[in-house]
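Read the structure below first, then the notes.
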Amino acid sequence: MNTSNDALVTELKNNSVQSGGKDSEKVNWLAELRGLALMLLAVLMFHTFVAKPFYIPSPSMMPSLLEGDRLVVSKYPYGWSWVSASFHLLPRSETRIWPATPEYGDIVVPVPPHHDVDYIKRVVGLPGDRLAVIDGQIILNGVPVPQAVEPAIRIPIDPNNTCDEFSYPGMAVTLQSGEQVCEMPTYRETLPNGATYLIIDHRDQMLDNYPEITIPEGHVFLMGDNRDHSSDSRADASPAGAPIPTGLGGPVPLENIGGRAEFITFSLDGTTTWNPISWWTSLRGDRAWTTLRPAKVRIAGEAADE
């Protein structure tokens, strides 16, 4: 027997097995990166064509939306345009694919004329409407939009709703329970299609009056529900190159509207820190899954099934 040859063969086999084991443990980084790129592309495509999360950074839509709310915006209701892309990288264009017109009361995400930043406002005027604002009340096609007085709304005071004395004079209230709230004058506004929602209007200011215009075709007029703290279609748009965007500068072209707000997923009161416990304690639990589609009431003279 040639034991030396047998030992050599055995050693070669062992080396081959060990070498194969090491090769099998190697990571195929190219495949991993390709998988990550495809996953990122899928997310971007979903955000562009279907829906995208949105964060509320200001109080302009109180009481419907509070600063700190997170919500879902659907991208397809009014068609797709340059503004639909997940990031505003496409050049501005008047082209829309499968266009549609919003309804009265829809909460939408417009982009101002000279800045690539997302706003969030409510549709109060449609193409062809004559619209004016007199003493804070919308006059639509010559008819005042009803504003019924509601009990003052109480919104808890927190880091995302400070109810500072300059913006909301005399509205910070401490309840018998010890809770601090911002008590704000509230009205229920109802548009011609029956869409109804609450607005806050507590002082006389420049934007309470807006001369009558006819909204051009392919445009809508937008306002915030917190009427004294909203830069919307009533306010002039800041010029190109200005460091801070302001109003929307009148009726907004539909190609500049990136989607419709659907529902709140969760809301944070501004006390979130690196402490994981605060991730739960900062949640406003009563706001999760709140729909953002306006309720509708039957308007006198409408058919029963409308």
Side-chain angles (χ1 to χ4, degrees), residues 54-71 105 107 119-124 133-138 144-191 195-210 222-232 234-235 247 261 263-272 278 280-297:
F54 194 85
Y55 164 71
I56 301 299
S58 80
S60 70
M61 281 296 293
M62 287 200 304
S64 298
L65 289 168
L66 304 183
E67 186 173 348
D69 285 349
R70 272 70 171 177
L71 51 132
I107 297 177
Y119 282 19
I120 187 159
K121 307 295 176 187
R122 191 181 297 275
V123 176
V124 298
V133 182
I134 300 177
D135 294 331
Q137 186 170 28
I138 300 170
V145 170
Q147 288 183 346
V149 177
E150 291 274 326
I153 194 166
R154 292 173 172 176
I155 299 177
I157 293 177
D158 56 39
N160 276 339
N161 174 40
T162 59
C163 197
D164 63 278
E165 185 65 18
F166 177 78
S167 300
Y168 304 100
M171 297 183 195
V173 176
T174 301
L175 303 179
Q176 289 184 348
S177 64
E179 181 184 14
Q180 290 187 311
V181 298
C182 200
E183 194 171 71
M184 305 180 183
T186 309
Y187 303 86
R188 178 166 294 280
E189 195 166 76
T190 304
L191 294 172
T196 183
Y197 47 87
L198 298 179
I199 65 168
I200 296 170
D201 193 354
H202 65 87
R203 70 183 182 193
D204 296 329
Q205 47 103 13
M206 182 177 62
L207 297 181
D208 280 346
N209 293 281
Y210 187 87
L222 307 177
M223 292 173 65
D225 292 347
N226 191 1
R227 294 292 161 81
D228 296 321
H229 303 275
S230 175
S231 295
D232 45 43
R234 300 170 296 168
F263 58 89
I264 297 171
T265 53
F266 66 98
S267 182
L268 299 175
D269 64 13
T271 61
T272 310
S278 72
W280 299 102
T281 58
S282 63
L283 285 171
R284 297 177 177 133
D286 59 338
R287 297 192 62 75
W289 310 115
T290 302
T291 181
L292 296 174
R293 304 303 304 279
K296 288 191 176 181
V297 297

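Note that the structure is a prediction, hence the values are computed from the model and not measured. No hydrogens, no waters, no symmetry mates; every other heavy atom, side chains included, goes into these values. Count residues from 1 along the sequence.
Proximity of Leu222 to Val124: side-chain heavy atoms (C-beta onward) are nowhere separated by under 4.5 Å. Proximity of Asp208 to Asp135: side-chain heavy atoms (C-beta onward) are nowhere separated by under 4.5 Å. Looking at heavy atoms from C-beta onward, Tyr197 lies in side-chain contact with Leu191 at the 4.5 angstrom threshold. Proximity of Met61 to His229: side-chain heavy atoms (C-beta onward) are nowhere separated by under 4.5 Å.
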For a side chain to side chain contact (heavy atoms under 4.5 Å, CB included) check, start with the C-alpha distance between Arg154 and Cys182, then their side-chain angles and the critical distance, and finish with the verdict. CA-CA 5 Å; Arg154 292 173 172 176; Cys182 200; over 6 Å; no
Check: side chain to side chain contact (heavy atoms under 4.5 Å, CB included) between Lys296 and Thr196: does it pass, once the steps are laid out?
Finding: CA-CA 6 Å; Lys296 288 191 176 181; Thr196 183; over 6 Å; no
Would you check, one step at a time, whether the test side chain to side chain contact (heavy atoms under 4.5 Å, CB included) holds for His202 with Met171? CA-CA 10 Å; His202 65 87; Met171 297 183 195; 3.2 Å; yes
Run the side chain to side chain contact (heavy atoms under 4.5 Å, CB included) test on Ile107 and Ile120 for me, step by step, so that the C-alpha distance in whole Å, both residues' side-chain angles and the decisive distance to 0.1 Å come before the verdict.
CA-CA 7 Å; Ile107 297 177; Ile120 187 159; 3.5 Å; yes
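Here the shortest heavy-atom pairing between Ser231 and Ala235 reads CA-CB, 4.3 Å. The two residues Gly105 and Pro294 have their closest heavy-atom pair at O-CG, 3.5 Å. Of all heavy-atom pairs between Arg122 and Ser64, the closest is NH2-OG, 3.2 Å. When every heavy atom of Val133 is checked against every heavy atom of Leu207, the shortest pair comes out as CG1-O, 4.3 Å. Of all non-hydrogen atoms in Val145 and Gln137, the two that sit nearest each other are O-NE2, 2.9 Å.
If you take CD1 on Ile56 and CG on Leu65, they are separated by 4.5 Å, rounding to the nearest 0.5 Å. Taking OH of Tyr187 as the reference point, atom CD1 of Ile199 lies at 8.0 Å (rounded to 0.5 Å). Met223 contributes atom CE, which lies 5.5 Å from atom CG of Asp232 (distance to the nearest 0.5 angstrom). Taking CD1 of Ile155 as the reference point, atom OH of Tyr168 lies at 8.0 Å (rounded to 0.5 Å). For the atom pair CD (Glu67) and CG (Asn161), the distance works out to 8.5 Å, reported to the nearest 0.5 Å. To the nearest 0.5 Å, atom OG1 of residue Thr186 and atom CG of residue Asp201 are 10.0 Å apart.
Relative orientation of the Phe263 and Trp289 rings is tilted, given thresholds of 30° and 60° on the angle between their planes.
Legend: residues meeting side-chain hydrogen bond (donor to acceptor under 3.5 Å, both in side chains) with Tyr210, ordered by chain and number and at least two apart, are absent. With sequence neighbours excluded, the residues that form a side chain to side chain contact (heavy atoms under 4.5 Å, CB included) with Pro159 are Thr271. Applying the side chain to side chain contact (heavy atoms under 4.5 Å, CB included) test to Ala172 and every residue at least two apart in sequence or in another chain returns Ile157, Cys163. In this structure, the side chain to side chain contact (heavy atoms under 4.5 Å, CB included) partners of Arg284, at least two apart in sequence or on a different chain, are Leu66, Asp69, Asp158, Asn160, Ser267, Asp269, Asp286, Arg287. Annotation: side-chain hydrogen bond (donor to acceptor under 3.5 Å, both in side chains) contacts of Glu179 (sequence neighbours excluded): none. Thr281 pairs by the side chain to side chain contact (heavy atoms under 4.5 Å, CB included) definition with Ile277, Ser278, not counting sequence neighbours.
For Ser60 and Ser230, the side-chain atoms include no donor-acceptor pair closer than 3.5 Å. No hydrogens or angles considered: nothing links the side chains of Thr265 and Arg70 as a donor-acceptor pair under 3.5 Å.
In this structure, the side chain of Gln180 does not engage the main chain of Leu175 through any donor-acceptor pair within 3.5 Å. Checked by atom type and distance alone, the side chain of Asp225 never pairs as donor or acceptor with a backbone atom of Met62 at under 3.5 Å.
For the pair Glu189 and Arg227, the salt-bridge criterion is met [side-chain N within less than 4.0 Å of a carboxylate O].
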